[in-house]
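Worksheet: one structure, shown below.
In this chain, numbering begins with 1 at the start of the sequence shown. Both backbone and side-chain heavy atoms feed into the values below; hydrogens, waters and symmetry mates do not.
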Amino acid sequence: MPKSRIRKKADFTPPPAAKQSTTIRLSNRSWVAPVMLALFLVGLAWIVVFYVTEGSLPIDAFGNWNIVVGFGFIAAGFGVSTQWK
């Protein structure tokens with residue numbers, strides 16, 4: 001039985017790339033750390049004030065939802081922290 005021919009593929013050679021200067025845009029993110037810390041502190045203060053005043057402050061109508069609001073501020077702080085480089 002005759003052997004089948006083996007096809008040899010040419011080795012891949014990437015096309016020569018032109019020298020391009022890539023510009024790296026570094027955006028000024030100096031606002032991230034202060035906003036993040038402010039949100040953390042506001043959330044913590046909201047929860048502490050709620051517990052110290054036995055639920056009468058910061059907003060009496062929210063009741064125990066004041067804890068959720070405080071943790072919402074803290075979660076927003078973590079959300080802002082993803083922008084930190």
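One finds the CG atom of N64 at 4.5 Å from the CZ atom of F50 (value rounded to the nearest 0.5 Å). Atom CD1 of I67 is separated from atom CH2 of W46 by 12.5 Å, given to the nearest 0.5 angstrom.
Linking ILVMFWY residues whenever their side-chain heavy atoms come closer than 4.5 Å, directly or via other members, leaves F78 and L44 in distinct clusters. No continuous path of ILVMFWY side-chain contacts below 4.5 Å connects V48 to L41, so the two sit in separate hydrophobic clusters. Note on W65: it clusters hydrophobically with I47, by side-chain heavy-atom contacts below 4.5 Å among ILVMFWY residues. At a threshold of 4.5 Å between side-chain heavy atoms, the hydrophobic network of Ile, Leu, Val, Met, Phe, Trp and Tyr places W84 and F73 in one connected group.
Under the 4.5 Å side-chain criterion, counting only non-hydrogen atoms from C-beta, W31 is in contact with V80. With contacts defined as side-chain heavy-atom distances shorter than 4.5 Å, the pair V68/F71 does not qualify. The closest side-chain heavy-atom distance from N66 to I59 is below 4.5 Å.
Q83 and R29 get closest at one heavy-atom pair: O-NH1, 2.8 Å. Heavy atoms only, all atoms of each residue included: S81 and M36 are closest at CB-SD, 3.2 Å.
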